[in-house]
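All of these numbers come straight from a predicted model, not from anything done at the bench. For the numbers below, each heavy atom of this structure counts, side chains included, while hydrogens, waters and symmetry mates do not. The first residue in the sequence is number 1, and the count goes up from there.
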Amino acid sequence: MSFTPQAARDLQAALAQLMGSLKATAAKTAPAGRPIPQKPTEYQYTGDVFLEIFCNPNIWASPFAAKVLVTVRDDRIRLTTEAALSRLVEDVNQYLEQFG
């Protein structure tokens, strides 16, 4: 997959925004004692293959408990799996370290 450093930085920004939404959900509550709903995070990249990251921050108690749905597909195969958000953040950071 030709995942460029710029695409990785875009994903990194989307994950940072997701972390912020998760922290907001955990910290803020509406007058009735319920968390204020946050928008789901969706990231898509189209290159040699299609990559999609999806997470609904309203269903996780904290950023450290959160999982994201990862889909990778091309014209021959489609793979969908769940990954820990913290692990995905680490992997993207490690990928970007290669490019300085």
Side-chain angles (χ1 to χ4, degrees):
M1 176 161 98
S2 61
F3 194 64
T4 65
Q6 183 57 51
R9 284 189 285 277
D10 293 344
L11 176 54
Q12 187 180 45
L15 294 174
Q17 184 176 9
L18 173 59
M19 288 287 248
S21 293
L22 286 158
K23 288 176 183 176
T25 299
K28 296 180 184 175
T29 56
R34 294 187 181 140
I36 297 170
Q38 301 291 317
K39 289 183 179 180
T41 296
E42 254 186 290
Y43 169 85
Q44 295 180 346
Y45 173 79
T46 304
D48 293 342
V49 297
F50 174 80
L51 169 68
E52 181 178 50
I53 307 293
F54 176 84
C55 182
N56 181 349
N58 301 302
I59 62 173
W60 302 104
S62 77
F64 306 105
K67 300 217 184 241
V68 294
L69 189 62
V70 179
T71 301
V72 179
R73 73 171 190 247
D74 67 8
D75 58 341
R76 294 166 286 157
I77 191 170
R78 176 187 179 119
L79 171 68
T80 302
T81 190
E82 198 174 68
L85 174 60
S86 58
R87 181 60 199 217
L88 184 58
V89 168
E90 287 175 23
D91 290 346
V92 171
N93 291 341
Q94 185 177 22
Y95 177 77
L96 283 170
E97 285 176 8
Q98 298 176 46
F99 301 98

Has Q94 got more than 12 heavy atoms of other residues, nucleotides or ligands less than 6.0 Å from its CD?
no
State the OG-CE distance between S86 and M19, to the nearest 0.5 angstrom.
7.0 Å
Quick check: is L18 connected to I59 through a chain of hydrophobic side chains (ILVMFWY, heavy atoms under 4.5 Å apart)?
yes
Where is the tightest heavy-atom contact between A65 and W60, given as atom of each residue plus distance?
O-CE3, 3.4 Å
Nearest 0.5 Å please: distance from the OH atom of Y95 over to the CZ atom of F99.
4.0 Å
Would you kindly confirm whether L96 and F3 end up in one hydrophobic cluster when ILVMFWY residues are joined by side chain heavy atoms under 4.5 Å apart?
yes
Distance, nearest 0.5 Å, that separates OG1 of T41 from NZ of K39:
10.5 Å
In this structure, which one of V70, V68, L15, D10 forms a side chain to side chain contact (heavy atoms under 4.5 Å, CB included) with Y43?
D10
Using 0.5 Å steps for rounding, measure from the CG atom of N56 to the NZ atom of K67.
15.5 Å
Working to the nearest 0.5 angstrom, can you tell me the gap between N58 CG and L22 CG?
8.5 Å
Does CD belonging to E52 count more than 12 external heavy atoms closer than 6.0 Å?
yes
Decide side chain to side chain contact (heavy atoms under 4.5 Å, CB included) for T71 and F54; before the verdict, give the C-alpha distance in whole Å, the side-chain angles of both, and the deciding distance to 0.1 Å.
CA-CA 9 Å; T71 301; F54 176 84; over 6 Å; no
R87 atom CZ, over 12 foreign heavy atoms within 6.0 Å:
no
dist Q44:CD -> L51:CG (nearest 0.5 Å) comes out at 9.0 Å
Here the pair of heavy atoms bringing L69 nearest to T80 is CD1-CG2, 3.5 Å
All heavy atoms of V92 vs all of Q12, minimum pair found to be CG1-CB, 3.9 Å
